[in-house]
2 protein chains.
Amino acid sequence: MVASRASVSVATVSLVASGKTDGRVSADTVIRVQQAIADLHYVVNRVASSLATGSSNFVILVAPDISNPFFARVIAGVREALGSSYQLLLSVTDSGQMPQLESVRELLAFRPAGLLVDAPSARLMQSLVVDEPIVFLDAPGADAGAPAVNLDVVRGAEALAVHLAERGHRTVAYLDSVTAASTFALRRRAFLAKAQECGMSPIETPRARSTIDVGSAATEFAKVWPAWQRAGVTAVVCATDTHAYGVLQVAHSLGVRVPEQLAVSGFDDLPFSAMSHPSLTTVELPARKLGRAAADLLVALIEGRAPDSGPPLMPSRLIIRDSTGGFVNGAA
Amino acid sequence: MVASRASVSVATVSLVASGKTDGRVSADTVIRVQQAIADLHYVVNRVASSLATGSSNFVILVAPDISNPFFARVIAGVREALGSSYQLLLSVTDSGQMPQLESVRELLAFRPAGLLVDAPSARLMQSLVVDEPIVFLDAPGADAGAPAVNLDVVRGAEALAVHLAERGHRTVAYLDSVTAASTFALRRRAFLAKAQECGMSPIETPRARSTIDVGSAATEFAKVWPAWQRAGVTAVVCATDTHAYGVLQVAHSLGVRVPEQLAVSGFDDLPFSAMSHPSLTTVELPARKLGRAAADLLVALIEGRAPDSGPPLMPSRLIIRDSTGGFVNGAA
DNA sequence: CTGAAAGCGCTTACAG
DNA sequence: CTGAAAGCGCTTACAG
């Protein structure tokens with residue numbers, strides 16, 4: 001420990017470096033040590049420090065599909081809640097891949113103060129039983145035991161089905177995400193069930209799905225559209241706004257007018273959705289709030305405090321815009 | 001070390017766990033120890049291991065503006081090159097913020113095997129003198145000393161200026177990014193200089209800049225457009241494709257026809273750019289290749305190998321699409 | 001082939 | 001107020 005050389009002491013440097021000097025070190029030496037630290041550009045080795053104390057002050061967030069803009073907002077919320085107490089490190093999977101159990105285990109071996117896992121598969125949640133603080137985000141279906149913060153996607157999906165039914169749609173289709181995250185399975189199921197209940201016929205084949213990027217979504221939609229069109233589809237609901245942009249794009253290219261010939265909608269309410277042409281009807285999902293709530297919960301767990309309340313469910317909200325606006329058929 | 005209890009040894013467990021058993025441990029004990037490891041779900045504590053060996057096997061990538069889709073592709077390239085030898089951890093700044101020296105120092109305190117810094121400010125590069133392996137990405141202006149992998153944005157920016165001049169444009173404007181990354185400063189300077197050289201008049205006030213998201217870009221463009229229009233601007237070059245999407249959007253809303261009344265272009269060639277309406281002229285930047293080259297260089301540095309070649313400069317390429325296509329004025 | 005021992009750089013009671 | 005010492009969980013020469 002070089003700093004000790006500079007002045008004359010050893011454990012004292014540790015005290016000074018960590019600011020635990022309240023009446024344990026004289027003002028003189030504090031200054032002298034700080035000087036030495038500054039001179040030598042000394043930075044405490046967190047690895048050693050973490051080993052010695054058995055604790056750390058960083059949090060790892062595991063997430064799939066970082067290219068989803070929704071995700072950037074979740075991160076912003078997490079950082080907000082973490083403040084300066086904990087540093088955030090991200091671990092991302094390849095596009096379209098889910099985080100695997102083994103890689104989460106490896107991450108745990110870094111001994112973070114806590115772990116945040118976004119959009120896990122149901123399987124991951126079940127098999128991941130550890131005593132480290134861990135919180136799942138956007139993980140519907142987590143058994144009650146696992147701490148999780150969820151989005152109320154069901155309410156939004158149902159509102160969307162009702163909205164389309166009211167607009168007179170009869171035959172609807174769904175463009176899904178390929179990732180196995182349970183949130184996507186839930187969105188789809190909730191929408192299809194409610195659609196059925198409202199008297200609409202959801203077309204389930206061909207099944208359409210793509211990764212969360214505009215290009216893939218466009219390609220996929222272009223592939224299935226002929227069949228859907230023959231089946232009489234007048235509305236397509238997409239797993240995310242990003243998928244919907246792809247649909248809007250292809251529809252435009254093909255001369256399919258939105259919303260007159262085809263209603264389009266998504267989930268997320270990304271900023272662009274208010275400005276696309278036509279503007280996009282979507283289920284608003286409070287990404288930032290989700291991130292904040294998850295991080296708050298994690299910090300409570302880390303610090304051994306009981307979470308303030310029960311399992312939070314962030315409300316979703318249907319935002320009706322032009323992409324589903326103009327369709328009128330029979331009644332409505 | 002619990003595993004030692006399960007069988008009967010101590011250092012042997014370490015040998016087995018790290019697979020260094022070539023004729024140092026009998027097949028029998030290897031199996032016995034592996035059994036114990038499996039039974040106890042034992043995972044080597046990387047913190048302790050890292051302290052003992054003085055090395056680690058993870059790399060930290062520091063980056064601003066994770067919401068930029070360009071970035072997701074850079075990451076994909078980095079992961080490709082890192083393979084399974086090194087794990088990747090990300091540290092992101094808040095939107096529009098640059099990585100700060102202090103936070104990079106804190107990251108170094110985790111003792112990663114190496115550090116990758118994307119789009120650093122010139123100041124960061126200068127003040128960051130450390131002996132840990134570190135590679136800058138997309139960091140034009142790095143003094144020759146610092147290992148860096150760059151994009152040849154100058155060539156692309158100049159080709160764009162020439163293209164617009166050939167199309168007959170006389171008065172052009174630039175929509176910049178707010179981040180202080182040197183790559184953005186360079187794109188702008190290179191374009192403006194070449195524009196001047198080609199006999200065009202770049203309008204420099206009002207200066208337009210926004211964060212890298214469609215919404216902010218749209219707002220900013222809406223604000224400056226009246227002045228630009230009065231000044232006779234017929235072409236706007238954007239720092240990224242994302243900015244250009246915002247411009248396209250607002251132009252559409254305002255009834256400004258692209259490219260007839262206004263030519264629009266960007267940098268990146270994001271997947272969506274081929275499919276927007278009109279499709280977007282852009283300077284293709286090889287994001288994935290950039291990530292791969294940077295990671296390759298970093299690994300070479302970590303492993304003490306001399307880098308294969310000189311400082312790599314990834315080529316950029318002008319892709320001409322409809323958003324600048326139709327404008328004809330005088331000659332051309 | 002296997003175990004005992006030292007050491008990685010810190011932190012934290014514990015004596016002085 | 002300050003220093004000496006033990007210990008965090010590993011790894012790596014070094015003896016047996």
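Here the structure is a predicted model, which means the values were calculated and not measured. A, B, ... follow the sequence lines: proteins, then strands. Residue 1 opens every chain.
Computed from coordinates, the I37(B) CD1 to dC10(D) P distance equals 10 Å when rounded to whole Å. Put simply, CG on L108(B) is 16 Å from P on dG9(C), counting in whole angstrom units. Distance R46(A) CZ to dG9(D) P: 20 Å, rounded to the nearest Å. Summarising the geometry, the separation between NZ on K20(A) and C1' on dC14(C) is reported as 16 Å, rounded to the nearest angstrom. Summarising the geometry, the separation between CG on L15(B) and P on dC10(D) is reported as 14 Å, rounded to the nearest angstrom. Whole-Å rounding puts the N45(A) CG to dC8(D) C1' distance at 13 Å. We find that CZ of R32(A) is positioned 14 Å from P of dC1(D), with the value rounded to whole Å.
With 3.5 Å as the limit, one finds no donor-acceptor pair spanning the side chains of S127(A) and R123(A). A donor and an acceptor atom, one from each side chain of D268(B) and T240(B), are nowhere located under 3.5 Å apart. Of the N and O atoms on the side chains of S26(A) and D28(A), not one donor lies less than 3.5 Å from an acceptor on the other residue.
Taking both residues in full, the closest heavy atoms of L301(B) and P147(B) are given as CD2-CG, 3.7 Å, listed atom of the first, atom of the second, then distance.
Where V25(B) and A17(A) each meet DNA chain C at their nearest nucleotide, the meeting point lying more 5' is that of V25(B).
Here F58(A) and F110(A) keep their ring centres 6.0 angstrom or further from each other.
Taking the side chain of A52(A) as heavy atoms from C-beta on, and the options dC10(C), dC8(C), dA5(C), the nearest nucleotide is dC10(C). When distances are taken from the side chain of L51(A) to each of dT11(D), dG9(C), dA4(C), the shortest belongs to dG9(C). For S26(A), the side-chain atoms get nearest to dC1(D) when compared with the rest of dT2(C), dC1(D), dT12(D).
Considering only side-chain N and O atoms, Y42(B) lies nowhere under 4.0 angstrom from the phosphate OP1 or OP2 of dG9(D). For the OP1/OP2 pair of dC10(C) and a distance below 4.0 Å, the side-chain nitrogens and oxygens of S49(A) include no atom meeting the criterion. Contact annotation: T29(B) side-chain N/O to dT2(C) OP1/OP2 distance is under 4.0 Å. Here T53(B) does not reach the OP1 or OP2 of dT12(D): none of its side-chain N or O atoms lies under 4.0 Å away.
When both distances must be under 3.5 Å, the Watson-Crick or G-U wobble mate of dC14(D) is dG3(C).
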